[in-house]
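For the numbers below, each heavy atom of this structure counts, side chains included, while hydrogens, waters and symmetry mates do not. Sequence lines set the chain letters: A, B, ... in the order given, protein chains first and strands last, and positions in each chain run from 1.
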Number of protein chains: 2
Amino acid sequence: MADTTETEPMDMMPEPLRARERAERIHADIRSRICMLDYPPGMKLSETALAAELGISRTPIRRVLARLEDEGLVTSVHGVGTMVTNVDYSEMSQVYRLRKELVLLQTVLDPVHPDATFLQRFRALYARSEALKAAPSARDFSLLDQDTFLTLLDLTANAPLRTMAERLYFRTARIWLQQVTGSQIDLMQEIDIYARELQDLLGALELGDLDAVGHIRRGHISMSFARMRV
Amino acid sequence: MADTTETEPMDMMPEPLRARERAERIHADIRSRICMLDYPPGMKLSETALAAELGISRTPIRRVLARLEDEGLVTSVHGVGTMVTNVDYSEMSQVYRLRKELVLLQTVLDPVHPDATFLQRFRALYARSEALKAAPSARDFSLLDQDTFLTLLDLTANAPLRTMAERLYFRTARIWLQQVTGSQIDLMQEIDIYARELQDLLGALELGDLDAVGHIRRGHISMSFARMRV
DNA sequence: CCCTCAACTGATGTATACAACATTAGGCGA
DNA sequence: TCGCCTAATGTTGTATACATCAGTTGAGGG
(Lines give C-alpha, C1' and ligand atoms only; values in the text may rest on other atoms or scores of the structure.)
Protein backbone atom coordinates (compact mmCIF):
# COMPACT_ATOMS: atom_id res chain seq x y z
CA MET A 1 0.00 0.00 0.00
CA ALA A 2 0.96 3.66 0.15
CA ASP A 3 1.90 3.55 -3.48
CA THR A 4 3.07 6.73 -5.08
CA THR A 5 0.90 6.25 -8.14
CA GLU A 6 -0.64 9.31 -9.72
CA THR A 7 -4.19 7.95 -9.64
CA GLU A 8 -6.80 9.53 -7.41
CA PRO A 9 -7.47 7.56 -4.22
CA MET A 10 -11.12 6.76 -4.87
CA ASP A 11 -14.46 7.86 -6.38
CA MET A 12 -13.13 11.37 -6.89
CA MET A 13 -14.89 11.65 -10.24
CA PRO A 14 -11.53 11.80 -12.00
CA GLU A 15 -13.12 13.18 -15.16
CA PRO A 16 -13.28 10.03 -17.23
CA LEU A 17 -14.39 12.14 -20.18
CA ARG A 18 -11.42 14.36 -20.79
CA ALA A 19 -11.61 13.93 -24.55
CA ARG A 20 -15.34 14.48 -24.69
CA GLU A 21 -15.17 17.55 -22.53
CA ARG A 22 -12.47 19.00 -24.74
CA ALA A 23 -14.59 18.41 -27.83
CA GLU A 24 -17.52 20.10 -26.12
CA ARG A 25 -15.40 23.14 -25.33
CA ILE A 26 -14.08 23.38 -28.86
CA HIS A 27 -17.59 23.09 -30.24
CA ALA A 28 -18.94 25.84 -27.98
CA ASP A 29 -15.90 27.97 -28.79
CA ILE A 30 -16.23 27.78 -32.57
CA ARG A 31 -20.00 28.18 -32.31
CA SER A 32 -19.50 31.31 -30.25
CA ARG A 33 -17.03 32.73 -32.77
CA ILE A 34 -19.49 32.11 -35.59
CA CYS A 35 -22.36 33.71 -33.68
CA MET A 36 -20.18 36.69 -32.71
CA LEU A 37 -19.21 37.09 -36.38
CA ASP A 38 -15.53 36.54 -35.55
CA TYR A 39 -15.97 33.90 -38.23
CA PRO A 40 -18.22 35.79 -40.66
CA PRO A 41 -20.50 34.02 -43.17
CA GLY A 42 -18.55 32.67 -46.13
CA MET A 43 -15.27 32.43 -44.21
CA LYS A 44 -13.33 29.27 -44.85
CA LEU A 45 -12.52 27.28 -41.72
CA SER A 46 -9.47 25.19 -42.56
CA GLU A 47 -9.29 21.95 -40.62
CA THR A 48 -5.51 22.07 -40.76
CA ALA A 49 -5.37 25.63 -39.46
CA LEU A 50 -7.80 24.92 -36.61
CA ALA A 51 -5.87 21.79 -35.69
CA ALA A 52 -2.59 23.69 -35.61
CA GLU A 53 -4.15 26.51 -33.58
CA LEU A 54 -5.45 24.09 -30.96
CA GLY A 55 -2.36 21.90 -31.01
CA ILE A 56 -4.24 18.74 -31.95
CA SER A 57 -4.80 16.74 -35.12
CA ARG A 58 -7.55 17.10 -37.69
CA THR A 59 -9.50 14.08 -36.41
CA PRO A 60 -11.23 15.63 -33.37
CA ILE A 61 -11.64 18.89 -35.29
CA ARG A 62 -13.51 17.07 -38.02
CA ARG A 63 -15.90 15.63 -35.47
CA VAL A 64 -16.71 19.09 -34.14
CA LEU A 65 -17.14 20.52 -37.64
CA ALA A 66 -19.47 17.65 -38.57
CA ARG A 67 -21.67 18.53 -35.60
CA LEU A 68 -21.63 22.20 -36.51
CA GLU A 69 -22.65 21.24 -40.04
CA ASP A 70 -25.53 19.21 -38.62
CA GLU A 71 -26.54 22.32 -36.72
CA GLY A 72 -26.49 24.36 -39.90
CA LEU A 73 -23.67 26.72 -38.96
CA VAL A 74 -21.05 25.47 -41.44
CA THR A 75 -21.07 23.46 -44.63
CA SER A 76 -18.28 21.22 -45.90
CA VAL A 77 -17.65 20.47 -49.57
CA HIS A 78 -15.15 17.86 -50.68
CA GLY A 79 -12.14 19.44 -52.34
CA VAL A 80 -13.32 22.97 -51.59
CA GLY A 81 -13.42 23.57 -47.85
CA THR A 82 -15.60 24.13 -44.81
CA MET A 83 -17.36 27.47 -44.96
CA VAL A 84 -19.50 29.37 -42.46
CA THR A 85 -23.05 29.34 -43.81
CA ASN A 86 -24.84 32.47 -44.96
CA VAL A 87 -27.99 33.61 -43.21
CA ASP A 88 -30.87 33.13 -45.62
CA TYR A 89 -33.92 35.25 -44.93
CA SER A 90 -36.63 32.71 -45.73
CA GLU A 91 -34.77 30.11 -43.72
CA MET A 92 -34.36 32.45 -40.75
CA SER A 93 -38.03 33.32 -41.03
CA GLN A 94 -38.93 29.64 -40.64
CA VAL A 95 -36.67 29.29 -37.64
CA TYR A 96 -38.15 32.38 -35.99
CA ARG A 97 -41.70 31.15 -36.50
CA LEU A 98 -40.75 27.87 -34.84
CA ARG A 99 -38.92 29.58 -31.99
CA LYS A 100 -42.01 31.69 -31.28
CA GLU A 101 -43.99 28.51 -30.68
CA LEU A 102 -41.31 26.67 -28.75
CA VAL A 103 -40.86 29.52 -26.31
CA LEU A 104 -44.46 29.05 -25.27
CA LEU A 105 -43.90 25.36 -24.71
CA GLN A 106 -40.90 26.11 -22.50
CA THR A 107 -43.21 27.39 -19.77
CA VAL A 108 -45.88 24.75 -20.34
CA LEU A 109 -43.96 21.46 -20.73
CA ASP A 110 -42.33 20.42 -17.45
CA PRO A 111 -42.08 23.98 -16.11
CA VAL A 112 -39.56 24.75 -13.38
CA HIS A 113 -40.72 27.51 -11.10
CA PRO A 114 -38.05 30.11 -10.40
CA ASP A 115 -36.53 30.16 -6.93
CA ALA A 116 -34.67 32.95 -5.15
CA THR A 117 -31.37 31.98 -6.78
CA PHE A 118 -32.91 32.16 -10.21
CA LEU A 119 -34.39 35.59 -9.53
CA GLN A 120 -30.97 36.73 -8.34
CA ARG A 121 -29.39 35.58 -11.58
CA PHE A 122 -32.05 37.29 -13.62
CA ARG A 123 -31.69 40.57 -11.74
CA ALA A 124 -27.99 40.47 -12.57
CA LEU A 125 -28.88 40.14 -16.23
CA TYR A 126 -31.20 43.11 -15.96
CA ALA A 127 -28.43 45.12 -14.33
CA ARG A 128 -26.17 44.31 -17.26
CA SER A 129 -28.78 45.61 -19.67
CA GLU A 130 -28.98 48.89 -17.76
CA ALA A 131 -25.20 49.14 -17.72
CA LEU A 132 -25.18 48.72 -21.49
CA LYS A 133 -27.04 52.03 -21.82
CA ALA A 134 -23.98 53.86 -20.50
CA ALA A 135 -21.48 51.82 -22.53
CA PRO A 136 -23.24 50.57 -25.68
CA SER A 137 -21.57 47.60 -27.33
CA ALA A 138 -23.13 45.34 -29.91
CA ARG A 139 -20.89 42.49 -28.84
CA ASP A 140 -21.71 42.82 -25.15
CA PHE A 141 -25.36 43.03 -26.08
CA SER A 142 -25.14 39.74 -27.95
CA LEU A 143 -23.37 38.10 -25.05
CA LEU A 144 -26.07 39.37 -22.69
CA ASP A 145 -28.79 38.03 -24.95
CA GLN A 146 -27.05 34.68 -25.06
CA ASP A 147 -26.75 34.50 -21.26
CA THR A 148 -30.37 35.54 -20.89
CA PHE A 149 -31.49 32.80 -23.24
CA LEU A 150 -29.48 30.16 -21.43
CA THR A 151 -30.79 31.35 -18.08
CA LEU A 152 -34.43 31.24 -19.18
CA LEU A 153 -33.80 27.77 -20.59
CA ASP A 154 -33.70 26.57 -16.98
CA LEU A 155 -37.42 27.27 -16.71
CA THR A 156 -38.19 23.96 -18.40
CA ALA A 157 -37.05 20.49 -17.39
CA ASN A 158 -38.01 18.93 -20.72
CA ALA A 159 -34.63 17.79 -22.01
CA PRO A 160 -35.43 17.39 -25.74
CA LEU A 161 -37.19 20.75 -25.75
CA ARG A 162 -34.15 22.36 -24.16
CA THR A 163 -31.86 20.82 -26.76
CA MET A 164 -33.99 21.92 -29.70
CA ALA A 165 -34.59 25.43 -28.38
CA GLU A 166 -30.84 25.84 -27.90
CA ARG A 167 -30.05 24.63 -31.42
CA LEU A 168 -32.58 27.03 -32.92
CA TYR A 169 -31.32 29.95 -30.84
CA PHE A 170 -27.74 29.60 -32.03
CA ARG A 171 -29.04 29.14 -35.55
CA THR A 172 -30.46 32.69 -35.46
CA ALA A 173 -28.11 34.38 -33.00
CA ARG A 174 -25.97 35.89 -35.76
CA ILE A 175 -28.52 37.87 -37.70
CA TRP A 176 -29.19 40.53 -35.08
CA LEU A 177 -25.48 41.31 -34.82
CA GLN A 178 -25.24 41.33 -38.59
CA GLN A 179 -28.07 43.84 -38.79
CA VAL A 180 -26.72 46.18 -36.14
CA THR A 181 -23.20 46.19 -37.57
CA GLY A 182 -24.73 47.04 -40.94
CA SER A 183 -26.47 49.98 -39.24
CA GLN A 184 -29.78 48.64 -40.41
CA ILE A 185 -31.10 48.79 -36.88
CA ASP A 186 -30.24 51.25 -34.13
CA LEU A 187 -28.12 49.86 -31.30
CA MET A 188 -29.20 52.34 -28.65
CA GLN A 189 -32.85 51.76 -29.41
CA GLU A 190 -32.35 48.00 -29.24
CA ILE A 191 -30.66 48.29 -25.86
CA ASP A 192 -33.47 50.42 -24.48
CA ILE A 193 -36.07 47.97 -25.71
CA TYR A 194 -34.14 45.03 -24.35
CA ALA A 195 -33.80 46.56 -20.87
CA ARG A 196 -37.54 47.15 -20.81
CA GLU A 197 -38.18 43.59 -21.93
CA LEU A 198 -36.03 42.20 -19.15
CA GLN A 199 -37.93 44.39 -16.71
CA ASP A 200 -41.21 42.96 -17.99
CA LEU A 201 -39.91 39.43 -17.62
CA LEU A 202 -38.56 40.13 -14.15
CA GLY A 203 -42.01 41.28 -13.06
CA ALA A 204 -43.64 38.13 -14.36
CA LEU A 205 -40.93 35.96 -12.82
CA GLU A 206 -41.33 37.58 -9.40
CA LEU A 207 -45.03 36.83 -9.59
CA GLY A 208 -44.21 33.26 -10.56
CA ASP A 209 -46.46 33.68 -13.61
CA LEU A 210 -44.68 31.41 -16.09
CA ASP A 211 -47.52 31.62 -18.57
CA ALA A 212 -46.95 35.36 -18.78
CA VAL A 213 -43.22 34.80 -19.19
CA GLY A 214 -43.85 32.63 -22.24
CA HIS A 215 -46.20 35.05 -23.93
CA ILE A 216 -44.03 38.06 -23.18
CA ARG A 217 -41.01 36.29 -24.69
CA ARG A 218 -43.08 35.29 -27.69
CA GLY A 219 -43.97 38.88 -28.32
CA HIS A 220 -40.36 40.00 -27.93
CA ILE A 221 -39.09 37.42 -30.39
CA SER A 222 -41.77 38.37 -32.87
CA MET A 223 -41.01 42.09 -32.65
CA SER A 224 -37.26 41.54 -32.74
CA PHE A 225 -37.56 39.81 -36.10
CA ALA A 226 -40.06 42.41 -37.35
CA ARG A 227 -37.63 45.26 -36.63
CA MET A 228 -35.09 43.75 -38.99
CA ARG A 229 -34.96 44.91 -42.57
CA VAL A 230 -33.69 42.02 -44.62
CA MET B 1 -12.98 17.90 -78.88
CA ALA B 2 -14.80 14.58 -78.69
CA ASP B 3 -12.51 13.45 -75.95
CA THR B 4 -12.98 10.00 -74.53
CA THR B 5 -12.72 11.21 -70.96
CA GLU B 6 -14.95 9.64 -68.38
CA THR B 7 -16.38 12.94 -67.17
CA GLU B 8 -20.00 13.79 -67.85
CA PRO B 9 -20.45 16.25 -70.71
CA MET B 10 -21.99 19.08 -68.72
CA ASP B 11 -24.30 20.06 -65.86
CA MET B 12 -25.50 16.48 -65.54
CA MET B 13 -25.42 16.68 -61.73
CA PRO B 14 -22.77 13.96 -61.62
CA GLU B 15 -23.44 13.28 -57.94
CA PRO B 16 -20.61 15.26 -56.43
CA LEU B 17 -21.62 13.88 -53.05
CA ARG B 18 -21.02 10.17 -53.39
CA ALA B 19 -19.37 9.94 -49.99
CA ARG B 20 -22.06 11.98 -48.31
CA GLU B 21 -24.83 9.98 -49.85
CA ARG B 22 -23.22 6.77 -48.66
CA ALA B 23 -22.95 8.11 -45.11
CA GLU B 24 -26.60 9.08 -45.26
CA ARG B 25 -27.60 5.58 -46.30
CA ILE B 26 -25.50 3.98 -43.59
CA HIS B 27 -27.00 6.30 -41.00
CA ALA B 28 -30.57 5.53 -42.08
CA ASP B 29 -29.74 1.84 -42.20
CA ILE B 30 -28.33 1.60 -38.68
CA ARG B 31 -31.09 3.85 -37.37
CA SER B 32 -33.66 1.53 -38.92
CA ARG B 33 -32.04 -1.53 -37.40
CA ILE B 34 -32.10 0.10 -33.97
CA CYS B 35 -35.73 1.15 -34.31
CA MET B 36 -36.69 -2.32 -35.58
CA LEU B 37 -34.89 -3.85 -32.57
CA ASP B 38 -32.52 -5.76 -34.87
CA TYR B 39 -30.00 -3.96 -32.68
CA PRO B 40 -31.73 -4.23 -29.29
CA PRO B 41 -31.01 -1.83 -26.41
CA GLY B 42 -27.72 -2.60 -24.72
CA MET B 43 -26.22 -4.29 -27.80
CA LYS B 44 -22.64 -3.36 -28.49
CA LEU B 45 -22.05 -1.94 -31.97
CA SER B 46 -18.39 -2.56 -32.75
CA GLU B 47 -16.87 -0.01 -35.09
CA THR B 48 -14.48 -2.62 -36.43
CA ALA B 49 -17.29 -5.12 -37.08
CA LEU B 50 -19.48 -2.54 -38.82
CA ALA B 51 -16.53 -1.38 -40.91
CA ALA B 52 -15.74 -4.95 -41.98
CA GLU B 53 -19.38 -5.65 -42.74
CA LEU B 54 -19.64 -2.61 -44.98
CA GLY B 55 -16.21 -3.06 -46.51
CA ILE B 56 -14.94 0.36 -45.42
CA SER B 57 -12.72 1.68 -42.66
CA ARG B 58 -13.72 2.84 -39.20
CA THR B 59 -13.45 6.54 -40.08
CA PRO B 60 -16.77 7.05 -41.90
CA ILE B 61 -18.44 4.63 -39.48
CA ARG B 62 -17.37 6.76 -36.56
CA ARG B 63 -18.92 9.81 -38.15
CA VAL B 64 -22.26 8.02 -38.47
CA LEU B 65 -22.10 6.71 -34.90
CA ALA B 66 -21.31 10.19 -33.61
CA ARG B 67 -24.44 11.48 -35.28
CA LEU B 68 -26.51 8.62 -33.88
CA GLU B 69 -25.14 9.44 -30.45
CA ASP B 70 -26.18 13.06 -30.91
CA GLU B 71 -29.65 11.75 -31.75
CA GLY B 72 -29.72 9.73 -28.56
CA LEU B 73 -29.85 6.27 -30.15
CA VAL B 74 -26.37 5.07 -29.13
CA THR B 75 -23.80 6.06 -26.56
CA SER B 76 -20.04 5.63 -26.87
CA VAL B 77 -17.71 5.20 -23.91
CA HIS B 78 -13.94 5.25 -24.32
CA GLY B 79 -12.46 1.84 -23.71
CA VAL B 80 -15.85 0.17 -23.39
CA GLY B 81 -17.75 0.39 -26.66
CA THR B 82 -20.70 1.90 -28.47
CA MET B 83 -23.98 0.59 -27.09
CA VAL B 84 -27.57 1.02 -28.19
CA THR B 85 -29.29 3.18 -25.58
CA ASN B 86 -32.04 1.91 -23.34
CA VAL B 87 -35.49 3.43 -23.49
CA ASP B 88 -36.06 5.29 -20.27
CA TYR B 89 -39.68 5.89 -19.35
CA SER B 90 -39.41 9.41 -17.96
CA GLU B 91 -37.28 10.40 -20.93
CA MET B 92 -39.75 8.91 -23.41
CA SER B 93 -42.54 10.65 -21.58
CA GLN B 94 -40.84 13.99 -22.16
CA VAL B 95 -40.35 13.23 -25.83
CA TYR B 96 -43.97 12.21 -26.23
CA ARG B 97 -45.21 15.38 -24.59
CA LEU B 98 -43.09 17.43 -26.97
CA ARG B 99 -44.19 15.41 -29.98
CA LYS B 100 -47.83 16.03 -29.11
CA GLU B 101 -47.22 19.75 -29.36
CA LEU B 102 -45.05 19.65 -32.47
CA VAL B 103 -47.61 17.62 -34.40
CA LEU B 104 -50.01 20.52 -34.02
CA LEU B 105 -47.41 22.95 -35.33
CA GLN B 106 -46.87 20.76 -38.38
CA THR B 107 -50.25 21.78 -39.75
CA VAL B 108 -49.99 25.40 -38.61
CA LEU B 109 -46.44 26.48 -39.53
CA ASP B 110 -45.98 26.67 -43.30
CA PRO B 111 -48.71 24.11 -44.04
CA VAL B 112 -48.69 22.30 -47.39
CA HIS B 113 -52.14 21.42 -48.57
CA PRO B 114 -52.43 17.85 -49.83
CA ASP B 115 -52.87 17.35 -53.57
CA ALA B 116 -54.20 14.36 -55.48
CA THR B 117 -50.84 12.62 -55.44
CA PHE B 118 -50.58 12.98 -51.69
CA LEU B 119 -54.08 11.55 -51.18
CA GLN B 120 -53.13 8.64 -53.41
CA ARG B 121 -50.06 7.92 -51.27
CA PHE B 122 -52.10 8.11 -48.11
CA ARG B 123 -54.78 5.76 -49.45
CA ALA B 124 -52.03 3.26 -50.15
CA LEU B 125 -50.95 3.52 -46.53
CA TYR B 126 -54.52 2.91 -45.40
CA ALA B 127 -54.71 -0.14 -47.65
CA ARG B 128 -51.58 -1.49 -46.00
CA SER B 129 -53.17 -1.10 -42.58
CA GLU B 130 -56.22 -3.07 -43.72
CA ALA B 131 -53.97 -5.75 -45.19
CA LEU B 132 -52.23 -6.05 -41.83
CA LYS B 133 -55.49 -7.29 -40.29
CA ALA B 134 -55.26 -10.44 -42.42
CA ALA B 135 -51.54 -10.93 -41.85
CA PRO B 136 -50.57 -9.34 -38.53
CA SER B 137 -46.90 -8.52 -38.16
CA ALA B 138 -45.39 -6.23 -35.59
CA ARG B 139 -42.48 -5.48 -37.87
CA ASP B 140 -44.68 -4.60 -40.85
CA PHE B 141 -46.78 -2.47 -38.54
CA SER B 142 -43.72 -0.51 -37.44
CA LEU B 143 -42.64 -0.04 -41.04
CA LEU B 144 -46.13 1.21 -41.93
CA ASP B 145 -46.09 3.65 -39.02
CA GLN B 146 -42.71 4.92 -40.14
CA ASP B 147 -43.89 5.44 -43.72
CA THR B 148 -47.03 7.15 -42.48
CA PHE B 149 -45.03 9.52 -40.34
CA LEU B 150 -42.68 10.41 -43.19
CA THR B 151 -45.63 10.92 -45.54
CA LEU B 152 -47.44 13.24 -43.13
CA LEU B 153 -44.19 15.14 -42.64
CA ASP B 154 -44.73 16.53 -46.14
CA LEU B 155 -47.67 18.51 -44.82
CA THR B 156 -45.31 21.20 -43.52
CA ALA B 157 -42.69 23.13 -45.42
CA ASN B 158 -40.96 24.39 -42.28
CA ALA B 159 -37.53 22.78 -42.61
CA PRO B 160 -36.33 23.01 -39.00
CA LEU B 161 -39.68 21.72 -37.75
CA ARG B 162 -39.43 18.77 -40.13
CA THR B 163 -35.93 17.96 -38.91
CA MET B 164 -36.86 18.10 -35.24
CA ALA B 165 -40.08 16.14 -35.64
CA GLU B 166 -38.16 13.44 -37.48
CA ARG B 167 -35.48 13.25 -34.79
CA LEU B 168 -38.09 12.92 -32.05
CA TYR B 169 -40.04 10.29 -33.96
CA PHE B 170 -37.06 7.99 -34.36
CA ARG B 171 -36.22 8.61 -30.73
CA THR B 172 -39.49 6.98 -29.68
CA ALA B 173 -40.08 4.57 -32.57
CA ARG B 174 -38.65 1.61 -30.66
CA ILE B 175 -40.82 1.54 -27.58
CA TRP B 176 -44.04 0.45 -29.28
CA LEU B 177 -42.29 -2.53 -30.84
CA GLN B 178 -40.67 -3.30 -27.52
CA GLN B 179 -44.05 -3.30 -25.81
CA VAL B 180 -45.78 -5.48 -28.36
CA THR B 181 -43.00 -8.07 -28.45
CA GLY B 182 -43.21 -8.21 -24.66
CA SER B 183 -46.94 -8.94 -25.05
CA GLN B 184 -47.68 -5.92 -22.91
CA ILE B 185 -50.02 -4.59 -25.58
CA ASP B 186 -52.19 -6.52 -28.00
CA LEU B 187 -51.03 -6.48 -31.62
CA MET B 188 -54.41 -7.15 -33.23
CA GLN B 189 -56.04 -4.42 -31.20
CA GLU B 190 -53.29 -1.98 -32.13
CA ILE B 191 -53.72 -2.79 -35.82
CA ASP B 192 -57.48 -2.26 -35.64
CA ILE B 193 -57.03 1.06 -33.88
CA TYR B 194 -54.37 2.16 -36.35
CA ALA B 195 -56.52 1.35 -39.38
CA ARG B 196 -59.33 3.41 -37.89
CA GLU B 197 -56.93 6.27 -37.19
CA LEU B 198 -55.72 6.29 -40.78
CA GLN B 199 -59.36 6.33 -41.90
CA ASP B 200 -59.99 9.35 -39.67
CA LEU B 201 -56.96 11.13 -41.06
CA LEU B 202 -57.93 10.25 -44.65
CA GLY B 203 -61.31 11.85 -44.10
CA ALA B 204 -59.75 15.06 -42.79
CA LEU B 205 -57.19 15.09 -45.59
CA GLU B 206 -59.87 14.70 -48.27
CA LEU B 207 -61.66 17.68 -46.76
CA GLY B 208 -58.39 19.60 -46.78
CA ASP B 209 -58.90 20.29 -43.06
CA LEU B 210 -55.29 20.39 -41.86
CA ASP B 211 -56.28 21.72 -38.47
CA ALA B 212 -58.33 18.57 -37.92
CA VAL B 213 -55.41 16.45 -39.09
CA GLY B 214 -53.18 17.99 -36.45
CA HIS B 215 -55.62 17.50 -33.59
CA ILE B 216 -56.52 13.97 -34.65
CA ARG B 217 -52.84 13.04 -34.71
CA ARG B 218 -52.31 14.67 -31.35
CA GLY B 219 -55.03 12.52 -29.87
CA HIS B 220 -53.59 9.40 -31.46
CA ILE B 221 -50.11 10.04 -30.13
CA SER B 222 -51.48 10.72 -26.69
CA MET B 223 -53.56 7.54 -26.60
CA SER B 224 -50.76 5.46 -28.08
CA PHE B 225 -48.50 6.37 -25.18
CA ALA B 226 -51.31 5.93 -22.66
CA ARG B 227 -51.96 2.36 -23.82
CA MET B 228 -48.40 1.40 -22.90
CA ARG B 229 -47.73 -0.09 -19.51
CA VAL B 230 -44.21 0.80 -18.58
C1' DC C 1 -10.38 -20.39 0.13
C1' DC C 2 -10.17 -15.58 -0.81
C1' DC C 3 -8.05 -11.40 -1.84
C1' DT C 4 -4.79 -8.60 -4.65
C1' DC C 5 -2.66 -7.19 -8.50
C1' DA C 6 -0.75 -7.26 -12.85
C1' DA C 7 -0.84 -8.46 -17.51
C1' DC C 8 -3.95 -9.21 -21.33
C1' DT C 9 -7.72 -8.20 -24.37
C1' DG C 10 -10.66 -5.45 -26.95
C1' DA C 11 -12.81 -1.13 -27.26
C1' DT C 12 -12.90 3.96 -28.51
C1' DG C 13 -9.92 8.24 -29.32
C1' DT C 14 -6.00 10.29 -31.92
C1' DA C 15 -2.39 11.19 -35.29
C1' DT C 16 -0.84 10.82 -39.87
C1' DA C 17 -0.19 9.36 -44.59
C1' DC C 18 -2.69 8.90 -48.69
C1' DA C 19 -6.75 9.24 -52.05
C1' DA C 20 -10.30 11.96 -54.30
C1' DC C 21 -11.78 16.24 -55.65
C1' DA C 22 -12.16 21.23 -57.17
C1' DT C 23 -9.96 25.38 -58.25
C1' DT C 24 -6.40 28.07 -60.34
C1' DA C 25 -2.38 29.47 -62.72
C1' DG C 26 0.37 28.99 -66.58
C1' DG C 27 2.01 27.16 -70.88
C1' DC C 28 1.17 25.93 -75.56
C1' DG C 29 -0.87 26.04 -79.96
C1' DA C 30 -4.14 27.89 -83.36
C1' DT D 1 -4.51 37.35 -78.64
C1' DC D 2 -7.62 33.93 -77.45
C1' DG D 3 -8.85 29.33 -76.05
C1' DC D 4 -7.88 24.94 -74.22
C1' DC D 5 -5.34 21.81 -71.88
C1' DT D 6 -2.28 20.46 -68.15
C1' DA D 7 0.05 20.58 -64.07
C1' DA D 8 0.19 22.33 -59.48
C1' DT D 9 -1.94 23.40 -55.15
C1' DG D 10 -4.89 23.16 -51.35
C1' DT D 11 -9.00 21.16 -49.59
C1' DT D 12 -12.02 17.48 -47.55
C1' DG D 13 -12.64 12.24 -47.29
C1' DT D 14 -10.51 7.71 -46.17
C1' DA D 15 -7.44 4.13 -44.41
C1' DT D 16 -4.44 2.68 -40.91
C1' DA D 17 -1.16 2.50 -37.15
C1' DC D 18 -0.80 3.88 -32.57
C1' DA D 19 -2.34 5.82 -27.87
C1' DT D 20 -5.49 5.54 -24.17
C1' DC D 21 -8.77 3.47 -21.45
C1' DA D 22 -11.80 -0.10 -19.01
C1' DG D 23 -13.01 -4.69 -18.08
C1' DT D 24 -11.37 -9.51 -17.42
C1' DT D 25 -8.76 -13.23 -16.24
C1' DG D 26 -5.59 -15.77 -13.94
C1' DA D 27 -1.61 -16.50 -11.09
C1' DG D 28 0.40 -15.75 -6.68
C1' DG D 29 0.44 -14.99 -1.69
C1' DG D 30 -1.84 -14.68 2.75
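By the side chain to side chain contact (heavy atoms under 4.5 Å, CB included) test, A/S222 is found to be paired with A/K100, residues two or more places apart in sequence or in another chain being considered. B/Q94 meets the side chain to side chain contact (heavy atoms under 4.5 Å, CB included) test with A/D110, A/N158, A/A159, A/P160, B/R97; sequence neighbours excluded.
Under the 4.5 Å side-chain criterion, counting only non-hydrogen atoms from C-beta, A/P136 is not in contact with A/D140.
Residue contacts shown for A/L65 are absent, as no nucleic acid heavy atom lies under 4.0 Å away.
Where pairing requires Watson-Crick or G-U contacts shorter than 3.5 Å, the helical stems of DNA chain C with at least three consecutive pairs are C:1-30 with D:1-30.
Applying the 4.0 Å criterion to OP1 and OP2 of C/dT14, one finds that A/T59 has every side-chain N and O outside that range. The shortest distance between the side-chain N/O atoms of A/R22 and the OP1/OP2 oxygens of C/dT14 is below 4.0 Å. OP1 or OP2 of D/dT12 sits under 4.0 Å from a side-chain N or O of A/T82. At the phosphate of D/dT12, neither OP1 nor OP2 sits under 4.0 Å from any side-chain N or O atom of A/R62.
Side chain of A/T148 to main chain of A/L144: a donor-acceptor pair is present (N/O by atom type, distance under 3.5 Å, no hydrogens or angles). The backbone N or O of B/T156 lies less than 3.5 Å from a partner atom in the side chain of B/R162, making a donor-acceptor pair.
Each of A/V80 and A/G55 has a nearest nucleotide on DNA chain C; the 5'-most of these lies closest to A/G55. Both A/E69 and A/G79 lie close to DNA chain D; mapped to their nearest nucleotides by heavy-atom distance, the more 5′-ward contact belongs to A/G79.
Residue side chain B/S46 does not reach the base of C/dA11 through any donor-acceptor N/O pair under 3.5 Å, judged by distance alone. Side-chain atoms of A/R58 come within donor-acceptor range of the base of D/dG13, with a qualifying N/O pair under 3.5 Å.
Contact between A/C35 and A/F170 at its shortest, heavy atoms only, is SG-O, 3.6 Å.
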